[in-house]
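The model shown is predicted, which means the values in this text are computed figures rather than measured ones. When a ligand or atom number is given, it counts from 1 through the structure's own listing order.
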Amino acid sequence: MLTRRFLISTTALLATLPAAAHAQSGAPAPAAARASSPDGVLSVEVSVTGEGRADYTVTRLGRTVIAPSRLGFLLTDAPKLERNFTVTADAPTSHDDTWEQPWGEKRFIRNRYTQLRVHLTERNAPNRRLDVVFRLYDDGLGFRYEVPEQPNMTTVNIAAELTEFAVADAGTAWWIPAFEWNREEYLYNRTRIDAVGVAQTPLTVRTDDGLHVSIHEAALTDYSGMNLRRVEGGRFKAALTPGLTNAAVQLTAPFRTPWRTIQIADNAADLLTSSLILNLNEPNALGDVSWFKPMKYVGVWWEMHLDTKSWASGPKHGATTENVIKHIDFAAAHGFGGVLVEGWNKGWDGDWFGNGWDYSFTETYPDFDIERIATYARSKGVEIIGHHETGGNAFHYEQQMDAGFALYQRLGWHSVKTGYVADAGGARVRGPDGSPQLAWHESQPMAQHHLRVVRAAARHQVAVNAHEPFKDTGLRRTYPNMISREGARGMEFSAWGQPGNPPEHELNLVFTRLLAGPMDYTPGIFGMKTRAPDGIATTWAKQLALYVTIYSPIVMAADLLENYEANPGPFKFIKDVVTDWSDTRVLNGEVGDFVTIARKDRNSDQWFLGAMTDEHPRVLDAPLSFLDPGRRYRAEIYRDAPDAHWKTNREAIVIEAREVTAADTLNLRLAPGGGQAIRFVPLGRGRRA
Ligand code: NOJ
Ligand code: CA
């Protein structure tokens, strides 16, 4: 792992101000501490009210973005940690280094911030202490609570976090509801900020004068997931996911909470290139993970979602030796790295949904010859992607997962797709007495579970792509075998959803869910009639654009093989596109409306571009200044035909090539629900032929 360290210093950037809590109530709260981001774009100020309550305020270029917002905790078994504080702060420190991702949407990431550590100490008994640590970047900030070891606070039972985020200006919000049975799998609401209910994060807002703010969290390892409950106006309060007792979180001091993150940008495009969440995570704890190779894959999958095949055994069984071998042959012939196989293992025959007790992660159905398949796949240079659906039964899974990963390791399979399909009851975890208990998907016990899975998988050189996952908080930096996840409505909803995903769905995802990290969206569907009322609500060109716009190191070519065989023209883009990048540029974008993203192949000088729109047709300018100046490229263009439309004429695609240079600007014409995908192949230096 290459680390270039530019500068680490402990220089005070701004003197901290007199720090004792202000005693006279009613007077304006004096600032106790202040610091600014490296280029002075963002500032945070912590102030203390007369009763010794601590608030933080965030300004950007002198303008308030987050108005005074409360800090603190309610505890189940001790007085709240919320007032009577004396507030002091250390001198701010600065940090600047650059680290390398083993795989990712860009290779090198600069981590440049100012840190401000604020100490909150109760003035009276029990004189408890906690720190709030702020990291200020020019494009956002994170802060977390750190509870040091101390005599009067050992076991900490957190009933609620009092952390607030008071968005100062009015505007529009994009959000999905929290605490609903189907976890993160909801359509996005677009409302005024003051009409949000209880939302999951990332919650993205645009103020009426165009500032973009997204609130989320980073480095959630042993805590419950945070949601946001709107209290009044634009003021949101952290709403922690409940635990197994009346405490949402149980920890022993010393501990640190996840970072609460706030991205702030002038425009929607800049939200997408921020590395705030990754930077706030700890460095790689696994070392060399080169056994995992970013790749595209096909699979025994879409046919189950179309209901022409089944996971369960019987005449419709999809994971037969013959069907898997057909997929291996196809993958080998067309250059795909992997074949996902679902329904290979015992346990699918009863009611597995939210149950999961019947699953075995080592025993196969009799018509799936695992040894023959493994040998055959190896001989063809294709990897099988294993599958562990748990039915949300983490308790049962933990008893077998080591054996399951050991099996994959022996067979040379380096990734697994996990699943936690469950309904209102939630997931099953080991309760304090050792027996299974139901818990929320984003509860602290499930955070612990997902980490145990990823660590156990790493010990067997297996990478994890979780469906119905825990929310992504950037842990892929620390555990780079946490490769991708679902965590939103994926393409499967367009197979059977009532409704399916509408044309704006992917435009909402890019600016909300995707800010958290990679998504296994499973694009590339050409067969557009499905069981969802509107079928697949995109054009073919938009299906191709998704390979660039929705980042994941493993990306599926999700359709039936025969649909690819029948359409070699557009299929060529899926064969050519890569899934590991050295650089990413966002050329334009508006939340929920449109976006154009260009990415450079990590292993060659090719670039790829994806543009997509919601239900409105658009013409977008794409300046090609990202290309190497002085070099000629062949642009292989896959665009909507003039009469293409997501509802009536999805297959209408034009495929053409032209020569371009960095000096050119393309006008991308996108149909309603349409898109455009381009591959740029370097030709040589010098003038155009
Ligand atoms: C839901 C997942 O999102 C889907 O991809 C998978 O096929 C099913 N669960 C079965 O595990
Ligand atoms: Ca799902």
Task: Aromatic plane relationship, Y521 with H505 - under 30° parallel, 30 to 60° tilted, over 60° perpendicular - done: tilted

Task: For H334, the option from Y564, Y297, F571 that meets ring-ring contact (aromatic ring centres under 6.0 Å, His included) - done: F571

TODO: Pull out every atom of ligand 1 sitting under 4.0 Å from any heavy atom of E492, numbered as shown with elements.
DONE: 1 (C), 2 (C), 3 (O), 4 (C), 5 (O)

- [ ] Using only N, O or S atoms, tell me which atom of E468 is closest to the Ca ion (ligand 2).
- [x] OE2

Open item on the list: I'd like to check which ligand 1 atoms, numbered from 1 as shown, lie under 4.0 Å from a non-hydrogen atom of H387.
Closed with: 11 (O)

- [ ] Tell me which protein heavy atom sits closest to atom 1 (C) of ligand 1, plus the residue, atom name and distance to 0.1 Å.
- [x] E468 OE2, 3.0 Å

Open item on the list: If the cut-off is 4.0 Å to any non-hydrogen atom of E389, which atoms of ligand 1 fall inside it?
Closed with: 9 (N), 10 (C), 11 (O)

Open item on the list: Check this for me: does any side-chain nitrogen of one of D593 and R190 sit under 4.0 Å from a carboxylate oxygen of the other?
Closed with: yes

Open item on the list: Heavy-atom pairs closer than 4.0 Å: do any link ligand 1 to the side chain of E486, the backbone, both, or neither?
Closed with: side chain

TODO: Might you work through the side-chain hydrogen bond (donor to acceptor under 3.5 Å, both in side chains) test for D349 and S313, ending with a clear yes or no?
DONE: CA-CA 7 Å; D349 292 327; S313 62; 3.1 Å; yes

Task: Ligand-residue contact atoms, ligand 1 with H467, heavy atoms, under 4.0 Å - done: 2 (C), 3 (O), 5 (O)

Task: N or O pair under 3.5 Å between W348 and ligand 1 - done: no

Task: Closest approach of any protein heavy atom to atom 5 (O) of ligand 1, naming residue and atom - done: K417 NZ, 2.6 Å

- [ ] For W301, take its heavy atoms, then give the atoms of ligand 1 lying under 4.0 Å from any of them.
- [x] 4 (C), 5 (O), 6 (C), 7 (O)

Task: Non-hydrogen atom of M304 closer than 4.0 Å to ligand 1 - done: no

- [ ] Output yes when E217 and R260 qualify as a salt bridge under the 4.0 Å nitrogen-oxygen rule, no when they do not.
- [x] yes

- [ ] May I ask you to identify, for F493, whether its side chain, its backbone, both or neither come under 4.0 Å of ligand 1 on a heavy-atom basis?
- [x] neither

Task: Taking atom 9 (N) of ligand 1 as the reference point, the nearest protein heavy atom with its distance - done: V421 CG2, 3.4 Å

Task: Salt-bridge contact R410-E371 (side-chain N to carboxylate O under 4.0 Å) - done: yes

Open item on the list: Between the side chains of E342 and K417, is the shortest nitrogen-to-carboxylate-oxygen separation below 4.0 Å, so that they form an ion pair?
Closed with: yes

TODO: Can you pull out the closest protein heavy atom to atom 7 (O) of ligand 1? Residue, atom name and distance to 0.1 Å, please.
DONE: E342 OE1, 2.6 Å

- [ ] Specify whether Y408 and W344 have parallel, tilted or perpendicular ring planes, treating 30° as the upper limit for parallel and 60° as the lower limit for perpendicular.
- [x] tilted

TODO: Mind running ring pair (Phe, Tyr, Trp, His ring centres under 6.0 Å) on F336 and H327 for me, showing each step along the way?
DONE: CA-CA 10 Å; F336 289 86; H327 282 74; over 10 Å; no

Task: Identity of the N, O or S atom of E185 lying closest to the Ca ion (ligand 2) - done: OE2

Task: Name, closest N/O/S atom of E492 to the Ca ion (ligand 2) - done: OE2

Task: W348 and Y359 aromatic ring geometry - parallel, tilted or perpendicular at 30°/60° bounds - done: perpendicular

